[in-house]
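Here's the structure we're looking at; comments come further down.
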Amino acid sequence: MPELIVRKWDGPYSFMIFREGGLYKARRGDNGSIQFQDPQLHEVLNDVWNALTPNRAWKERVVFKGNFTVSDSIKPPSYVTIIIDGKLTLENGANSLVIEIDGVHDVDIYNGIIDGNRDNQTAWTIPPVRTRNAYNIRISGLKVVNGRYDGICIHSGSQKVWIESCETYNCGYSGICVKRDATDVLIDKCISHDNDADGAAGTGYGITVEGFDTDYPSRVKIRGCICYDNAATGIHIEDHLTNYSIENCISHSNGDHGVWVATGSDYGVISDLETYNNNKHGLFIYGCEGVTIKNVVAYNNGQESPGSYDGVLIQGRDSADITENVVLSNVVALDNQASPTQRHGINISAPYCANVAISNVVARGNLQYGVNQGNGVTKVSISGGIIFENGRHGIVVVGNGDACISGLYIRDNSQESNQAYSGIFINNAIRVTVIGCVIWGSSQKYGIEEAGTSNSNVFIGNMLWGNGVGALSVVGASTLYRTATDNDPLNLV
């Protein structure tokens with residue numbers, strides 16, 4: 001779990017806001033006197049904001065001490081640090097933000113609980129905490145709960161926003177959301193869980209980054225976060241996000257995917273990700289170009305419908321949002337359940353998908369295939385790693401082909417039905433090269449099996465032995481092979 005950072009408020013402050021005897025009061029930090037008091041919180045706050053040092057270039061500290069009910073949004077000016085030692089709850093029917101950081105800069109919010117009281121609000125699109133047209137903003141150690149919409153929303157015009165060590169849950173759309181043209185946003189060591197739909201089907205995300213019309217976020221980093229038990233996807237990236245990264249995150253047990261990256265969100269980096277026990281895909285790249293994926297563990301996904309969803313799915317969307325030039329390295333995609341649910345370990349799927357490089361892969365125990373190159377996908381390289389104990393074929397290449405499979409250890413697949421499936425299965429595919437692989441296991445039908453109209457394939461320097469029916473089954477008249485098998489250990493075929 002991320003380490004939650006809680007900053008104490010026992011240092012100097014300009015004002016402390018508290019409630020006593022039916023009045024909200026503001027105590028000065030320099031002499032301890034009560035300077036302002038009023039039955040209405042916002043009257044006291046307006047006085048406090050106006051009493052801060054004019055034209056300052058440093059942040060003055062304002063402490064909220066105790067539990068307050070808020071009827072209208074708290075709007076700090078620039079150069080203010082708010083420290084919440086208690087809980088701020090939105091009043092029934094207020095339909096307002098709790099904290100609104102709009103058109104200002106250099107504002108910090110630390111600690112405390114913000115309760116959006118969602119069951120007693122009617123407005124759908126108002127989050128408890130929002131930044132808009134603001135920059136140099138830091139939100140740290142905050143717990144935001146029961147938001148009718150998002151918990152924390154980084155909206156249009158926001159720049160240089162750092163959300164650190166926060167927890168969000170039971171929000172209607174997304175725990176944390178970055179919208180429109182927000183830029184330079186860091187979401188760091190946050191936990192977002194148990195967010196669920198409220199008025200819109202398919203919502204309830206852990207963390208969402210999304211554009212609108214022609215306004216797209218950029219330079220967003222999600223680092224060290226945990227998203228779980230959300231009604232939809234754990235981490236949801238959509239609408240042409242650019243220059244982004246997802247690093248050292250865990251996403252599990254979500255109602256849809258663990259991580260979804262889609263719709264032209266090109267040239268991002270996803271690294272050191274663990275995604276498991278999600279209802280659908282563990283990691284889904286959909287209509288994106290130039291994505292780098294490394295050090296990913298995806299396991300036991302597809303809980304909703306066994307055999308329908310993958311550990312990692314790479315797929316194009318349409319001619320405008322193609323998926324190509326994707327690099328995957330050090331990927332573990334497995335299912336270790338007594339009754340597997342994860343369909344394929346890695347699935348490269350048409351349409352509009354090409355130029356995918358996979359290296360150092362471990363695919364084990366998946367319900368169907370270890371790695372699948374679907375019909376219509378071209379130019380795929382799979383090099384290095386181990387593919388074993390999957391339910392059906394170890395690796396499948398279907399359709400167009402144009403694949404290179406090299407340096408893999410493939411064994412003991414066809415666990416679903418003995419000798420029904422092979423180590424590598426090539427169906428109606430051309431220009432497939434298999435080189436330097438070790439393929440064995442009596443449960444497998446063949447080490448390498450061609451089917452349909454496959455031809456013009458090349459198999460060189462592979463070690464095929466101990467397969468149940470035979471080492472090699474070739475149907476293509478123009479297929480070339482030079483492979484060590486049980487019957488031809490000296491490569492004389």
Side-chain angles (χ1 to χ4, degrees), residues 1-2 4 6 64 67-71 73-74 84 86-100 109-131 139-155 163-179 187-210 222 225-236 249-260 277-280 303-304:
M1 298 285 285
L4 296 180
V6 178
F64 287 74
N67 300 329
F68 300 161
T69 298
V70 178
S71 60
S73 56
I74 297 169
I84 303 170
K87 181 178 181 180
L88 306 180
T89 301
L90 188 62
E91 185 178 272
N92 291 350
N95 293 311
S96 172
L97 290 85
V98 177
I99 296 181
E100 183 176 5
I109 311 291
Y110 290 141
N111 303 347
I113 300 172
I114 305 292
D115 189 339
N117 190 18
R118 62 183 277 186
D119 293 338
N120 295 297
Q121 311 300 322
T122 57
W124 161 240
T125 59
I126 301 177
V129 179
R130 186 181 70 196
T131 73
I139 302 171
S140 179
L142 197 64
K143 180 181 290 187
V144 182
V145 304
N146 304 325
R148 177 80 166 155
Y149 193 54
D150 304 318
I152 301 173
C153 178
I154 310 305
H155 215 290
I163 305 173
E164 172 198 29
S165 196
C166 292
E167 181 180 4
T168 58
Y169 64 87
N170 195 35
C171 297
Y173 185 74
S174 181
I176 301 172
C177 188
V178 181
K179 290 183 180 292
I187 304 171
D188 190 20
K189 297 188 291 294
C190 292
I191 302 171
S192 189
H193 62 95
D194 293 287
N195 299 292
D196 60 16
D198 186 3
T203 62
Y205 304 104
I207 298 172
T208 301
V209 184
E210 59 184 23
I222 302 170
C225 294
I226 299 177
C227 298
Y228 64 93
D229 286 340
N230 297 289
T233 296
I235 300 175
H236 181 91
C249 291
I250 298 173
S251 187
H252 71 88
S253 308
N254 296 290
D256 284 343
H257 314 294
V259 177
W260 156 287
N277 287 359
N278 297 289
N279 272 2
K280 296 183 179 179
Q303 295 291 320
E304 175 182 277

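- With Lys143 as reference, Ile113 is the one residue of Ile113, Ile114, Thr168 to meet the side chain to side chain contact (heavy atoms under 4.5 Å, CB included) rule.
- There is a side-chain donor-acceptor pair under 3.5 Å between Asn117 and Asn92.
- Looking at Asn278, its side chain does come within 3.5 Å of a backbone N or O of Ser251 through a donor-acceptor pair.
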Ile139 and Ile99: CA distance, side-chain angles, deciding distance, side chain to side chain contact (heavy atoms under 4.5 Å, CB included) verdict: CA-CA 11 Å; Ile139 302 171; Ile99 296 181; over 6 Å; no
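- Pairing each heavy atom of Glu210 with each of Cys177, the nearest pair is OE2-SG, 4.1 Å.
- A donor and an acceptor atom, one from each side chain of Asn170 and Asn146, are located under 3.5 Å apart.
- Summarising the geometry of Ser71 relative to Glu91, their closest heavy-atom pair is CB-OE2, 3.7 Å, with the distance given to 0.1 Å.
- The nearest pair of heavy atoms linking Pro128 to Gly116 is CG-CA, 3.9 Å.
- Looking at every heavy atom in both residues, Cys190 comes nearest to Ile176 through CB-CD1, 4.0 Å.
- Ring-plane geometry between Tyr173 and Tyr205 is classed as perpendicular, the angle between the planes exceeding 60 degrees on a 0 to 90 degree scale with a lower cut at 30.
- The distance from the CG atom of Asp229 to the CG atom of Asn195 is 10.5 Å, given to the nearest 0.5 Å.
- Side-chain contact of Ser140 with Ser165: a donor-acceptor pair under 3.5 Å is absent, judged by distance alone.
- Atoms CD and CD1, on Glu164 and Ile187 in that order, are 13.0 Å from each other to the nearest 0.5 Å.
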Residue pair Arg148, Ile126: steps toward the side chain to side chain contact (heavy atoms under 4.5 Å, CB included) verdict: CA-CA 7 Å; Arg148 177 80 166 155; Ile126 301 177; over 6 Å; no
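- Summarising the geometry, atom CG belonging to Asn67 is positioned 11.0 Å from atom CD1 belonging to Ile84; distances are rounded to the nearest 0.5 Å.
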Trace of the side chain to side chain contact (heavy atoms under 4.5 Å, CB included) decision for Thr233 with Asn254: CA-CA 6 Å; Thr233 296; Asn254 296 290; 5.9 Å; no
Derivation of the side chain to side chain contact (heavy atoms under 4.5 Å, CB included) call for Asp150 and Lys179: CA-CA 11 Å; Asp150 304 318; Lys179 290 183 180 292; 3.4 Å; yes
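- Contacts of Ser73 classified as side chain to side chain contact (heavy atoms under 4.5 Å, CB included), with partners at least two apart in sequence or in another chain: Lys75, Ser96, Leu97, Glu100.
- Of the options Ser174, Ser192, Cys153, a side chain to side chain contact (heavy atoms under 4.5 Å, CB included) to Thr208 is made by Ser174 and by none of the others.
- Residues satisfying the side chain to side chain contact (heavy atoms under 4.5 Å, CB included) test with His193, not counting sequence neighbours, are Glu167, Tyr169, Ile191, Tyr228.
- Residues Asn95 and Thr122 have side chains that bring a donor and an acceptor to within less than 3.5 angstrom of each other.
- Pairing each heavy atom of Gly141 with each of Cys166, the nearest pair is N-SG, 3.9 Å.
- Asn230 contributes atom CG, which lies 7.0 Å from atom CG of Asp194 (distance to the nearest 0.5 angstrom).
- Looking only at side-chain heavy atoms (C-beta outward), Thr131 and Ile163 stay at 4.5 Å or farther from each other.
- The two residues Cys171 and Tyr149 come nearest to each other via the heavy atoms CB-O, 3.5 Å.
- Proximity of a side-chain donor or acceptor of Asn279 to a complementary backbone N or O of Asp256 within less than 3.5 Å is not detected.
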